[in-house]
Amino acid sequence: MSDTASPGYTRAVQREGKVPVVTKIFQGVGGIANSHKDFAFNTFLLLFYSQIMGLPASLVSIAIAAAVIIDAISDPVVGSISDNFKSKLGRRHPFMFAAALPFGVSLYLLFDPPGWLTGYALLAWMFVFVVLARTTWTFLAIPWHALAAEFSNDYVERTSIITYRYMVGWVGGVIFYLFTWNYLFPNTEAYPAGQLNPENYPLFAVIVGSLVVVWIFLSTFGTRNQVPYLLQPTEPTPPFSFGRALNDVRMALQSANLKRLFFLFLLFSGLAGVGGVFDIYMNTYFWGLTPDELRWFVLLGLGAILSFITVPLLQRKFDKQFLLQYFLGTYMVLAILKVSLRFLDILPPNGEPALLYFLVCHGIVGTYLLTTCGIVVGSLMADLIDEQELETHKRQEGVFSSAIGFATKATSSFGIVIGGFILDFFVVFPRQAGLDAVDADTLFRLGFADGIAIPLLFMIPIYLMSQITMTRERLAEVQRTLEQRRGFK
């Protein structure tokens with residue numbers, strides 16, 4: 001049975017009933033690779049090249065940011081190619097198959113550079129393989145995100161699909177987190193903080209590079225049977241050109257709500273980029289956490305589990321933009337509270353079990369809030385694609401994802417640069433510093449920047465969320481109009 005889904009697009013088979021649970025799980029397996037990649041980049045990359053390899057944090061952050069900008073430019077290109085691609089494997093799967101192995105190899109080489117490299121040669125090595133890793137990930141991530149938006153038109157099921165994606169990614173990420181701190185970065189007498197031991201990184205590189213390839217192939221194979229239910233262009237598409245890619249992005253940004261979401265991501269990602277620079281420094285030096293203690297942060301997964309349970313209930317009662325405002329606002333307040341309590345000498349000193357209990361509980365709540373925001377944003381993006389089709393007569397799941405990806409990468413790279421410069425010139429953090437080599441004034445500046453100044457700026461994206469007009473009622477109206485346009489009763 002075939003139907004025309006919209007002008008210029010068709011499905012080979014019209015879906016009857018819900019998206020199979022097994023499909024949601026396989027789609028979510030791609031989230032495990034995403035969690036491994038984020039863990040490697042956000043936790044270890046800057047620390048490895050500055051504290052282990054001895055490069056200045058500001059230079060490392062500039063190199064990372066430049067690589068991210070190059071990667072960001074590839075996003076609209078991949079989005080445009082993917083949206084207009086036509087094959088027996090659909091619009092998305094060929095790119096995911098092709099990019100899996102190059103991504104894994106690039107990630108491995110990034111964390112296991114040749115031992116004879118030093119100085120600018122080492123910096124160049126890092127830059128090249130950050131570019132390669134991020135660009136090959138783009139060829140995976142843009143189609144992967146677009147698939148989630150294509151699987152269903154249902155307001156509630158879209159949230160279910162994103163929930164499975166987060167849930168599976170979280171489970172895989174938690175297992176890898178435990179494995180990493182227990183076996184790959186154990187603390188020793190010479191290195192009480194195992195993440196500062198250079199001998200631990202080659203094995204980490206092999207394992208993380210291999211696992212991401214496995215998860216990507218599994219996700220791609222596991223969802224390929226859904227290709228007949230997905231949209232494909234009915235007409236031959238013209239050869240790719242950068243002009244067409246720019247026109248596709250310009251068309252997508254005709255949606256007022258997408259513009260708001262785009263600028264929201266610009267600001268949020270910039271702030272997250274700055275904060276991400278400080279995470280491992282805060283855990284290692286400010287809070288004095290060892291790998292034995294960091295293992296307990298696996299319990300943050302309880303916050304994600306709570307989110308998976310409550311999001312379907314919450315989104316039945318509240319519109320998505322309201323949930324985003326409320327949850328991100330609460331997260332901002334809690335982030336400021338954590339460091340403020342330390343400055344007021346209310347929290348126990350480092351090394352006390354009570355401090356670890358507090359940090360873990362605080363992290364569980366924060367994880368619940370941010371996971372809920374992530375799920376709701378993913379579901380909201382699918383709703384905005386329907387609105388954009390109504391306004392432009394074209395579906396652009398890939399370009400939608402690429403526009404958000406560009407916003408995220410471009411501004412997070414700027415945030416990484418700012419974070420690196422803050423470390424070098426405001427915090428004045430010493431390089432290759434042991435746990436006892438950082439004075440109290442330096443730690444105060446680190447805590448103030450990460451725990452007070454940056455969270456306060458979250459008020460701006462919270463305001464932008466309040467301006468998004470896509471409600472449950474608006475989506476129903478959009479989909480009714482689209483059905484009438486397509487000739488369905």
Side-chain angles (χ1 to χ4, degrees), residues 15 17-38 92 141 143-177 215 218-220 222-223 226 229-230 261 265 268 298-328 330-331 363-386 397 400-401 404 408 465 468 470-472 475:
R15 187 186 302 281
K18 300 291 186 181
V19 177
V21 170
V22 68
T23 297
K24 298 178 185 179
I25 292 173
F26 274 121
Q27 214 274 332
V29 168
I32 304 178
N34 188 45
S35 70
H36 292 0
K37 182 263 299 179
D38 286 346
R92 317 298 180 185
W144 178 66
H145 281 289
L147 279 175
E150 290 185 80
F151 280 140
S152 175
N153 293 330
D154 185 79
Y155 185 86
V156 174
E157 190 172 33
R158 282 174 170 172
T159 301
S160 172
I161 292 167
I162 303 300
T163 300
Y164 271 91
R165 189 171 79 187
Y166 270 78
M167 180 173 62
V168 177
W170 254 102
V171 170
V174 163
I175 293 172
F176 185 66
Y177 182 94
W215 303 133
L218 186 60
S219 179
T220 309
T223 56
Q226 296 297 305
Y229 301 102
L230 305 179
L261 195 64
F265 267 91
F268 182 85
V298 70
L299 294 175
L300 270 58
L302 296 175
I305 293 171
L306 182 61
S307 177
F308 304 148
I309 295 171
T310 60
V311 163
L313 303 175
L314 289 170
Q315 68 99 55
R316 283 184 172 89
K317 185 177 176 77
F318 301 103
D319 282 332
K320 296 170 186 177
Q321 68 270 32
F322 172 80
L323 292 174
L324 289 171
Q325 292 174 68
Y326 183 81
F327 277 63
L328 187 58
T330 305
Y331 177 82
I364 290 172
V365 176
T367 299
Y368 169 70
L369 296 170
L370 287 185
T371 302
T372 301
C373 287
I375 292 171
V376 172
V377 164
S379 182
L380 178 62
M381 285 179 60
D383 298 342
L384 297 184
I385 290 170
D386 287 343
E397 293 91 347
F400 249 62
S401 297
I404 298 303
T408 301
M465 288 175 187
I468 292 177
M470 175 56 74
T471 63
R472 188 189 311 267
L475 179 64

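One is the number of the first residue; the rest follow in order along the sequence.
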Please identify each residue that fulfils side-chain hydrogen bond (donor to acceptor under 3.5 Å, both in side chains) with S307, with sequence neighbours left out. T372
Enter the distance from [X]:[atom1] to [Y]:[atom2] here, rounded to the nearest 0.5 Å.
X	Y	atom1	atom2	result
I309	M167	CD1	CE	10.0 Å
T223	L218	OG1	CG	9.5 Å
I32	K37	CD1	NZ	14.5 Å
D383	D319	CG	CG	10.0 Å
L299	T367	CG	OG1	10.5 Å
L324	I375	CG	CD1	11.0 Å

Indicate yes or no for a side-chain donor-acceptor contact from T23 to the backbone of V19 under 3.5 Å, with no hydrogens or angles considered. no
Side chain of Q325, backbone of K320: donor and acceptor closer than 3.5 Å? no
Might you confirm whether atom CZ of F176 has over 12 heavy atoms from other residues, nucleotides or ligands at distances under 6.0 Å? yes
Counting C-beta onward and ignoring hydrogens, is there a side-chain heavy-atom pair between [X] and [Y] closer than 4.5 Å?
X	Y	value
H36	W215	yes
F26	T220	no
N34	D38	yes

Under the side chain to side chain contact (heavy atoms under 4.5 Å, CB included) criterion, do Y177 and L300 qualify, and how do the steps go? CA-CA 11 Å; Y177 182 94; L300 270 58; over 6 Å; no
Nearest heavy-atom neighbours spanning [X] and [Y]:
X	Y	result
L302	I364	CD1-CD1, 4.2 Å
G169	S35	O-OG, 3.5 Å
Q321	I468	NE2-O, 3.4 Å

Would you call the rings of Y368 and F327 parallel, tilted or perpendicular if under 30° counts as parallel and over 60° as perpendicular? tilted
Looking at W170, does the NZ or CZ of R165 lie under 6.0 angstrom from its six-membered ring centre and within 45 degrees of the ring axis? no
